[in-house]
Amino acid sequence: MKHLIDNLMANPEIYGLWKYIPYPGCTILDCGFNTPGGWEAARLLALAAIDERGLVSFGNFDLGSCRLPAINICYDSPKTLLATLAQPVHIKNWEIFGPALVPGNKNRLLLCSIDKIDSGSCGRPALPELLMGINNTLDLNNHDQVVIAIAPYPSLVGMILQTSSALPRTLQILITNGLDPDQVLWGWSSCPLPPLVDDLQLAIARLEKTLLYGLTISLWVRGDNEQLVTLLNKTPVNGQVRLHNLTTAKTIVKGSIAGDQLRNLYSL
């Protein structure tokens, strides 16, 4: 059975990508440096980053006077992502999401890499430095094939991959504060995508504020209401976090969505 990453590598131009093979066994998928990237490429990469354990789709975020695109992700097994999306690897100016194991006949590895250096909207990044840093950290030689999807932070793919890690990171904080990961069954997140800009610092600031004012996270859990209320009260959250207790049929909520703040942020 063909894996979704095979489709991206076989027809990169269809998805707005560019393929580069620095050495046998390693494929670089350029998702925004020399090529614009695209919605479907971002969706498939986000789906691959959660090991296809769920669904990734696009919707809209209603701000009253206008609408923004939004990314919606259903996580069938959110606790399995704690070691990947919740704790990305940092190598100099790169943030590496993964490793995600890609099933198939070979031992393959997928990494999604976001460049946080203000290098402009075009030009190939310093791949030798990136590859050396990843290899020193993760030892790529242990895999028959490595696929590295690279994107600049202020790009469509870069923004979508950043938002896809919001739920696992929040879940990690909840677990650190005392939530038993075995209590968590499913997760769902929805977040608007800020209007894209080429300026790196502005893009970072916009996404941080978007997560703060527009992110919704829902977790379906089993547990004691009082324990869950105490846990959520001491956990800092972006946007709104909802714990749906399957044991008692009660939903515990912290935070809210601030549409006015988003409209001011984007000057809408």
What's the separation between atom [atom1] in [X] and atom [atom2] in [Y], rounded to the nearest 0.5 Å?
| X | Y | atom1 | atom2 | value |
| --- | --- | --- | --- | --- |
| Ile114 | Ser155 | CD1 | OG | 6.5 Å |
| Leu167 | Ser190 | CG | OG | 11.5 Å |
| Ile91 | Asn135 | CD1 | CG | 9.5 Å |
| Asn72 | Arg43 | CG | CZ | 12.0 Å |
| Glu40 | Leu17 | CD | CG | 10.5 Å |
| Arg206 | Leu265 | CZ | CG | 6.0 Å |

Hydrophobic clusters here meaning ILVMFWY residues chained together by side-chain heavy-atom distances under 4.5 Å, can you tell me if [X] and [Y] are in one?
| X | Y | answer |
| --- | --- | --- |
| Tyr15 | Leu196 | yes |
| Val147 | Met132 | no |
| Leu200 | Ile160 | yes |
| Leu44 | Phe97 | yes |
| Leu185 | Leu243 | no |

Taking salt bridge (charged side-chain N to carboxylate O under 4.0 Å, His left out) as the test, write out the residues that go with Lys209, two or more places apart.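 Residues passing salt bridge (charged side-chain N to carboxylate O under 4.0 Å, His left out) with Lys209: none at all.
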
Compile the donor-acceptor pairs under 3.5 Å between side chains in residues 248-255 and protein atoms, sequence neighbours left out, one pair per line.
residue : atom : partner : partner atom : Å
Thr248  : OG1  : Asn225  : OD1          : 2.8
Thr248  : OG1  : Asn225  : ND2          : 3.1
Thr248  : OG1  : Asn245  : ND2          : 3.2
Thr251  : OG1  : His244  : ND1          : 2.9
Lys254  : NZ   : Leu232  : O            : 3.3
Lys254  : NZ   : Asn233  : O            : 3.1
Lys254  : NZ   : Thr235  : O            : 2.7

Where [X] and [Y] come nearest, the two heavy atoms and their spacing:
| X | Y | value |
| --- | --- | --- |
| Ala166 | Leu215 | CB-CD2, 3.8 Å |
| Thr27 | Gln145 | OG1-NE2, 4.4 Å |
| Pro22 | Cys26 | CD-O, 3.4 Å |
| Pro194 | Met159 | CG-SD, 4.2 Å |
| Gln240 | Ser256 | NE2-CA, 3.9 Å |
| Leu262 | Gly214 | CD1-CA, 4.0 Å |

Using side-chain heavy atoms (C-beta onward) and a distance below 4.5 Å, is [X] in contact with [Y]?
| X | Y | result |
| --- | --- | --- |
| Ile148 | Leu131 | yes |
| Leu171 | Leu179 | yes |
| Pro154 | Asp199 | no |
| Trp94 | Ile134 | no |
| Ile150 | Leu111 | no |
| Tyr266 | Leu68 | yes |
| Ile50 | Leu85 | yes |
| Thr216 | Arg242 | yes |

Could you go step by step and tell me if Lys19 and Leu8 meet the side chain to side chain contact (heavy atoms under 4.5 Å, CB included) rule? CA-CA 9 Å; Lys19 183 171 70 174; Leu8 293 179; over 6 Å; no

With a 3.5 Å distance limit and no angle check, can you tell me whether [X] reaches the backbone of [Y] through a side-chain donor-acceptor pair?
| X | Y | result |
| --- | --- | --- |
| Gln183 | Arg222 | yes |
| Asn7 | Met9 | no |
| Ser113 | Ile96 | no |
| Asp51 | Arg53 | no |

Check each of Ile175, Leu174, Val221 against Val184 using the side-chain contact (heavy atoms from CB on, under 4.5 Å) test, and report the only one that passes. Val221

Pairs in or reaching into residues 37-82: which pass ring pair (Phe, Tyr, Trp, His ring centres under 6.0 Å), with residues at least two apart or in two chains?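 Checked against ring pair (Phe, Tyr, Trp, His ring centres under 6.0 Å) - neighbours excluded - the pairs reaching residues 37-82 are Trp39-Phe58.
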
Candidate pair Tyr153 and Leu207, rule side chain to side chain contact (heavy atoms under 4.5 Å, CB included), full reasoning: CA-CA 10 Å; Tyr153 193 104; Leu207 182 56; 3.2 Å; yes

So does Glu13 have more than 12 non-hydrogen atoms from other groups sitting under 6.0 Å from CD? yes

Can you check side chain to side chain contact (heavy atoms under 4.5 Å, CB included) on Ile173 and Thr170, steps first, answer last? CA-CA 5 Å; Ile173 296 172; Thr170 299; 5.6 Å; no

